[in-house]
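Taking it in order: structure first as structure tokens, then the write-up.
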Amino acid sequence: MTVSGLPNRRHIIAAMLAATAAKSIQAQDAVTIAGKRPMILHNDRPEDLETPVQYFGEWLTSTEVFFVRQHLPRPVVKEAEFQLTVSGRTARTIQLSVSDLRKLPQHKVPAVLECTGNGRAFYQPRVPGVQWGRGAVGNAEWSGPRLADVLKLAGADMNAAYVTANGADAGVAKTPDFIRSLPMRKAIDPSTLLALDMNGAPLPDLHGFPLRLIVPGWDGTSWVKWVNSLSVANEQDTGFFMNPAYRYPKHPGAPGLPVDRADLEVIEGMPVKSYITGHSDGDKIPMRSATLRGMAWAGEEHVTKVEVSTDGGSIWREAQLSSQALPFTWRLWSLDWKPPQPGYFTILSRATDSAGRVQPIVAPWNPSGYLFNAIDRIGIFVTETA
Amino acid sequence: MKRMMMAAVFCAAVCQGADTASLEAGKKAEATYCVACHSTRLIDSQRLSAAAWAKEVDKMAGWGAVVPDKQMLIDYLAAEYSNTKPAPAPATSGNGAKH
């Protein structure tokens, strides 16, 4: 998809190159995930799948390559049997079917979904958890009713502090259930949805069929899948997935040192971040003009600037932002570059957002490896043309 | 001298045997006690210190994993998936898309 208007020759060539690169990802493993192209396989049961960076480059991430994170075995929900129950501090308890939810006003929100632990593998010392590289992120169009409209149907107390969401997935043995509480101010934001569709089609099982919470600008942990229960409450849920999981230190800590549980707080929003996606680390390119490409995103803010260095950070140039400054989605960027000589070049990208946040050189280490957002880096070999 | 060398060869063979046996026992424990909830891929991709592995095994035991010999499993994980070893190359799934 071209966001900035009609595709030009360069766009078409870039798309062809991207398609070739994507095809070159060969399956190495006997495990195949229905509905997914070859993905980085962190866990096959339940499925934890990372998007290879070669698949990025489009504004929307195709569902076939969109990353998957599951904490518990994936439930298979039958649409005919599905009911969403809304209860707690409400005038009445209501139950809604998929067709009831489709009858409500439908809204479409494009938004980046990023796993809280995306980039965990880059922290030193290493921390336990899925060892995500750069691909636990994607940008999709989500559609369905607003969470606020569903809460109004139940006569919810809009002054209550939280809306707690639970899905059809359940823990094995004594594994805690995956339950998340969302502050009311974010729950009633017009962009917060109960999505039935992802990229124009019903949500696949892997992505939460038939109903998923969409919390634009917040970490993936808030985006509860297979949602079948909403409870309006003044207290936050006390389960493992609200505390101690998915909490971040209030104060920066030293790498490897433990953090007191009382000094952790719930993550709200996401940091500013950018990727270089048009080339891969170690690529060899001929010594002529090249276009560097990538994307940048910033949680609830929007990206205002992407700077790129082709010399390891001595000189930075501003890249061209090729898509609209919408909240919650990423912006594609590009920069033309003429290598000055053959050799090895360290390419860096650094984004700045509307709140003035800038990507750091070193992402703050934290015990669970959340919110990695250091400046992106690849190395390219420029070879003498014959 | 000859006797010393023979002793060294004997020890190497026996120690090697013991290492292989505990490695096999550890691998079997991992494949038996950890897979009720998740595949072993989730374990094999980690690179952690012995202390961090002990914490993980305790956490899983708290969540219902029944591990008869926790220390044996911890020792195996700490040796095989040590933070002193490089991370493995990521595996890639097959093509499950229609095209």
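Convention: sequence-line order gives letters A, B, ...; per-chain numbering from 1.
The NE2 atom of A:H42 sits 13.5 Å away from atom CG of B:D44, with the distance rounded to the nearest 0.5 Å. Residue A:D44 holds its CG atom at 8.0 Å from OG1 of B:T40, rounded to the nearest 0.5 Å.
Within residues 69-89 of chain B, the residues that have a heavy atom under 4.5 Å from a heavy atom of chain A are B:A87, listed by number. Of all residues in residues 46-53 of chain B, those placing a non-hydrogen atom less than 4.5 angstrom from a non-hydrogen atom of chain A are B:Q46, B:R47, B:L48.
Interface remark: B:V35 contributes backbone and side-chain atoms alike to the contact with chain A (heavy atom separation under 4.5 Å). For A:V65, no part lies near chain B; criterion is any non-hydrogen pair under 4.5 Å. Contact annotation for B:K59: only side-chain heavy atoms (C-beta onward) come within less than 4.5 Å of a heavy atom of chain A.
The greatest number of non-hydrogen atom pairs below 4.5 Å with chain A, out of B:S45, B:S39, B:A36, is found for B:S39. Contacts with chain B were tallied for A:G171, A:G133, A:G129; A:G129 has the most, counting heavy-atom pairs under 4.5 Å. With chain B as the partner, the residue from A:P125, A:P73, A:P176, A:A34 showing the most heavy-atom pairs under 4.5 Å is A:P176.
A:Q124 meets the side-chain contact (heavy atoms from CB on, under 4.5 Å) test with A:R126; sequence neighbours excluded. When the side-chain contact (heavy atoms from CB on, under 4.5 Å) test is applied to B:C37, the partners found at least two apart in sequence or on another chain are A:V172, A:T175.
When all heavy atoms of B:S93 and A:R37 are compared, the closest pair comes out as OG-O, 4.0 Å.
Classified by interplanar angle (parallel below 30°, tilted 30° to 60°, perpendicular above 60°), the ring pair A:F240/B:W63 is perpendicular.
At a threshold of 4.5 Å between non-hydrogen side-chain atoms, the residues A:T32 and B:N95 do not count as touching. At a threshold of 4.5 Å between non-hydrogen side-chain atoms, the residues B:R41 and A:V31 count as touching.
Summarising the local packing, CZ of A:R377 is surrounded by 12 or fewer heavy atoms from other residues, nucleotides or ligands at distances under 6.0 Å.
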